[in-house]
Amino acid sequence: MQSISGIVTQTHSTTGDIPPPLVGSSISVVDDRVFVFAGRLVTSRKMTNHLYVLDLKSLIWTRHIPPPDSDKAPKPRYFHSSNVHGRSLIVFGGMGYSRHSADGLCVLDDVAVFNIDTMTWKQPSIQPSLFAPRPRYAHLATISDGRLLVVGGQDMNNGYLTEINVLNLGALEWVKATNFEQHVGAYRSVAVATPSGTALPANLAREIGGTKESPLPDAPEKSHNRSSILYSDLDQPSPVDNPGPIFLYSNHNFANVNRELQIITESSVSPAEDISIGKRNNYLAVNDLSSLMTGTAMPPGLRFPTGDAIGQYIVIAGTYLSPQCQSYSIWALNTTSLGWTRVDIGNLFSQGSWNRGILYNQQNRYLVFGNMNRNLLEDYNHRQVNFDHVAMVDLEAFGIYQPPSASCAPLAQEMGLRLLSEPAIADFYIITRENQEIPVNSAVIRYRWPYFAKMLDEMHNRQQGKDDIVLEDIQEDNALDTETASSSGLYFKSSAQSMLFPYPYPVVVAFLQYLYTDNLLTAQQYQPHILSQLLLLGDMYSLPRLVALARHALHQMLNMSTAPLIFETAALSHQISLQIRALKLMIAAKKMIQQQNDAQIHRFSTQISGSEAVVSPGLRSDDDWENESLVSTTQDRSVVSGSAGSFSVGRATRAPHRQLSPGVDSRMNHTMPSRPSTALNYYGSARLSSNTNRPPTQRNPSAYAHGPDTLGQPSSSMTQGPSMIPDDDSFSMSSYSVYGTTASLTSTSTSEQKRRADKPRFFNALGNKFK
C-alpha cells in the first residue's frame, strides 16, 4: 500500500560519473539534461571548474570534457551564478583563486558562455562600462527579455553590495545600473524573472500603481477582441515587447521569520537622482509587495533558496531547519493573487539529506538532489550538496504547471470558425452518431488530423478505378486497428465522400472547431462533458496540443461536482497528475460530508438525551489525504475503483483502440442503435437511457466503453447540463457518457424521423441550419 505522496513524488538513484559533494555549485536544466558547474569540493576544500551533465531520461551522469576547438573553461569558482539563455548557459562572478591576495582568494566579475548545442565554452570580451558591476559572489542573477540582471551579493570583505546591473546579452554590453538599498544574497534571497507577457499582480495597481515614487509601465488597454475563454484576462499575453516582472523574495531572522517581496519592472520615467544612470534606457522601478502576500500558511525560513517561474506561479524551495524539523520545503507563490501554497509531499524530505532543487519545466516536475542515507543537519553545516539521488515532485498534481500557449492570434481563430461555417468550400461530410451531416474542408482536417490524412490516403490508394471500395486493413502506428471499419460494413463513394464519426453532435462540432482554430475558444467546447470527450479524442489520435488544451481547461474547472468525471477521464487518457488532483478533491469532499454527518448526529443526540452529549465531529487523523492508502501502480492507465467512501488506484482495462476508429461511408448509410443502455452523465452517476426505435447497425463498442460495473461511480445529485443540440432540431440529448458511447435520443414522431431520414439537413459550426 502506498500513500498519495508516494505517487506525487518519486525518488531515483543516479549512476555514472556522479558529482562529488560540492559547496556553492550551480545547477541548471535545459531540455532533458541537468548541468552542474564548478563548486568547492567538500573533502579537499579545493574549488573546481568541472561540468557534470545528467541525462534525466537515463539518470546517468557524465563529466564533460571540452573539445579542442572550445575556449578554456572558466576559472574554478563557487557561489557564482549560472542562468539559461536560449541554448546557452551564462556564468557570472563568484569567488575564485588569486595570486595577488594574502589568502589566495578573490571575487570575480567575468562572464562566460557555454553553448548547449556544441558543448563548448566561450569567454567573450566585454568593454568597460560605467554600468559594469563590481566583483562579487553569492549574488542573485536572472535573465529577462534577453538581459542578465545581477542583484546584490557580497564583496571580498563580505559586505553587501547594493546595486542592480543589467547586461545586454545580444550586444554583450553592460547597459544599466541602479541602486538597491536592501541586503540580498544567495543565503537568504532569490530573484525570479517571469516570461514576457506575464501580468502584474492584480492588487499592484490599486496599492502602488502610477505614483511618482514607484513608477510603473503603462498598463496595456484591455482588448475586447474575441479570444479563447480558457485564457482569462490574467492569462492573456501582454505585448511582446513588454518583459515580465521580476520577483525578488527574501527571508531572514529565521527564529522569527521576516519575509520580503519586491517586484522589479521598467518605467520610462526616471527619478531626478538617477537621471545620469537611467537616461539611456528605461528606469528599473522596485516596488515593495511584502504587505500584499496572503495565504493560510506562509513559508518558514528557507536557507539558500532557489526560485523558478512556471505558469502563474513562482516555485521557491530551500532548506528548513528548526529544533522540531529538518527538511527541504517547497512553496509556490501565485503571481496574480500573491497567495502562498505549500507543495505538501508528506515526510519524504524529512528523511535523508535533500539539499538543492531546480525546476524541470518541460515535465512540470521539481527536481531535488540529495542523498537518502545522509543527515541533513550535518551536511548543511558544511553547506554540502549531494547528487547521489534525485526526487521528482509532480507539480501539476498541485495545479502548478505550464499552460499551453496561444498558437495564433484571436483574429485567425475567428476566421477559422467562419471557415467551418461556410458550406460553399466544403468537399467532405462528417456524419455524427445522430445521423447529422457536417460539411467540412478535407484539406483543413487533413492538415490538423494525421489519422484522417492517412485514412484518406489509404482510400485513394485502394480505389483502383472502382466506384465503391470497402475500407479495410488500415494500419496505424498508434495501435488504432481498423477491424471496426471493415467489420461495420462502412463504404466509401468517390461521388459523395463522407466519414461516420460515432460521437454525439456537440462533441463532433467541438472537435471540428479545434481542428479549424487550433484552440478551444467557444462556450460549447468549455463544458465538462465536452472537454472530457476532447481529452479522450486527443489521447486516442495522438493530438498533443488538444490533450494539453483540454487538460488545462479541466484543471481550471475542477471542483467537487466535476471531480468524478475529471478523475475518470484523466485515468482513461493517462493524465496521472490531473487524476491525482481530482482524487484529492474527492477525498476532501468525503471528509467534509462526514464532518457534516457527525455534526448532525451530535445535534440529534443532544436533542434526544436532553443533555450535552460529547460527540467528536472531527475525523480520525489517519483520514487525512496524505495517509489515504492507495494501491501502488506504474504511472499509466490508472482508474478509480470502489465506492464513494473509498478509492484506490488500479490499472484500467481498455478495449482496443480499433473499436472507436471512424470509418468512411456513403452519406445515406446511417443508422442508430435501438437497444436500451446504461449511460454515465458528466457527473459520474449512472442513468438508464433508451434509444429511439431505429434500425440497428452493426457497431463495436467504443475503445473507452466501460460500463458502470467496471468503474466505481461516486454518486452525485447534480443534474446534467443543458443539451448542445440546436433548439430548432427536435432531437434532444438526455444523457452523456464520459466514454462517448451511449446517448439517448427522442423524437417527436416516427413520421418525423422518416422525414428527416429522407431529407438530410446540414448544420454549421454553431449549430444553425444552412440556408
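Residue indices begin at 1 and follow the sequence shown.
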Do the side-chain N and O atoms of [X] and [Y] include a donor-acceptor pair separated by under 3.5 angstrom?
X      : Y      : answer
Asn559 : Thr562 : yes
Asp394 : Ser577 : yes
Thr306 : Asp308 : no
Ser81  : His139 : yes
Gln362 : Asp32  : yes

So, the side chain of [X] versus the backbone of [Y]: is there a donor-acceptor pair under 3.5 Å, distance only?
X      : Y      : result
Gln575 : Ser573 : yes
Arg77  : Lys75  : yes
Ser25  : Val36  : no
Gln402 : Gly311 : yes
Glu378 : Arg374 : no
Arg259 : Ser250 : no
Lys591 : Met586 : no
Tyr328 : Gly357 : yes
Asn115 : Met119 : no

For [X] against [Y], the heavy-atom pair lying closest together:
X      : Y      : value
Glu260 : Gln182 : OE1-NE2, 2.6 Å
Arg33  : Leu56  : N-CD1, 4.3 Å
Leu359 : Ala309 : CD2-O, 3.5 Å
Val190 : Gly307 : CG2-N, 3.2 Å
Asp155 : Tyr137 : O-CE2, 3.5 Å
Asn49  : Pro74  : ND2-O, 3.0 Å

Is the charged tip of Arg383 near the ring of Tyr380: under 6.0 Å from the six-membered ring centre and within 45° of its axis?
yes
Distance under 6.0 Å and angle within 45° of ring axis: Arg188 vs Tyr160:
yes
Under 6.0 Å between ring centres: does that hold for [X] and [Y]?
X      : Y      : answer
Phe37  : His50  : no
Tyr401 : His552 : yes
Phe304 : Tyr187 : yes
Phe114 : His64  : yes
Tyr313 : Trp331 : no

Could you tell me if the side chain of [Y] sits less than 4.5 Å from the side chain of [X], heavy atoms only?
X      : Y      : result
Met95  : Met156 : yes
Thr142 : Ser144 : no
Trp340 : Met293 : yes
Pro21  : Thr43  : no
Leu302 : Ser329 : yes
Asn258 : Asn251 : no
Asn361 : Val29  : no
Val30  : Arg87  : yes

For the pair [X] and [Y], find out whether any cationic side-chain nitrogen is under 4.0 Å from an anionic carboxylate oxygen.
X      : Y      : value
Arg551 : Glu396 : yes
Asp344 : Arg342 : yes
Lys57  : Asp31  : no
Asp145 : Arg147 : yes
Asp109 : Arg136 : no

Stepwise side chain to side chain contact (heavy atoms under 4.5 Å, CB included) check, Phe35 with Ser82:
CA-CA 10 Å; Phe35 296 85; Ser82 177; over 6 Å; no
Below 30° counts as parallel, above 60° as perpendicular, anything between as tilted: where do the rings of Phe349 and Trp354 land?
tilted
What orientation do Phe387 and Phe369 show, parallel under 30°, tilted 30 to 60°, or perpendicular over 60°?
tilted
Asp379 and its side-chain hydrogen bond (donor to acceptor under 3.5 Å, both in side chains) partner, picked from Asn386, Asn371, Thr319
Asn386
Using 0.5 Å steps for rounding, measure from the [atom1] atom of [X] to the [atom2] atom of [Y].
X      : Y      : atom1 : atom2 : value
Trp61  : Asp17  : CH2   : CG    : 10.5 Å
Tyr52  : Thr62  : OH    : OG1   : 10.5 Å
Arg356 : Leu22  : CZ    : CG    : 11.0 Å
Thr194 : Ile314 : OG1   : CD1   : 6.5 Å
Ile345 : Thr9   : CD1   : OG1   : 4.0 Å
His183 : Ser189 : NE2   : OG    : 11.0 Å

Are Ser26 and His80 close enough, and set up right, to give a side-chain hydrogen bond (donor to acceptor under 3.5 Å, both in side chains), and what steps lead you there?
CA-CA 7 Å; Ser26 63; His80 55 283; 3.0 Å; yes
Would Leu149 and Asn165 count as a side chain to side chain contact (heavy atoms under 4.5 Å, CB included) here? Give the steps.
CA-CA 6 Å; Leu149 278 78; Asn165 305 84; over 6 Å; no
Tell me if the NE2 atom of His382 is crowded by more than 12 foreign heavy atoms within 6.0 Å.
no
Side chain to side chain contact (heavy atoms under 4.5 Å, CB included) between Val91 and Val111, intermediate numbers included:
CA-CA 6 Å; Val91 177; Val111 176; over 6 Å; no
Go through the steps to decide whether Leu321 and Leu377 satisfy the test side chain to side chain contact (heavy atoms under 4.5 Å, CB included), and finish with yes or no.
CA-CA 8 Å; Leu321 300 176; Leu377 186 58; 4.1 Å; yes
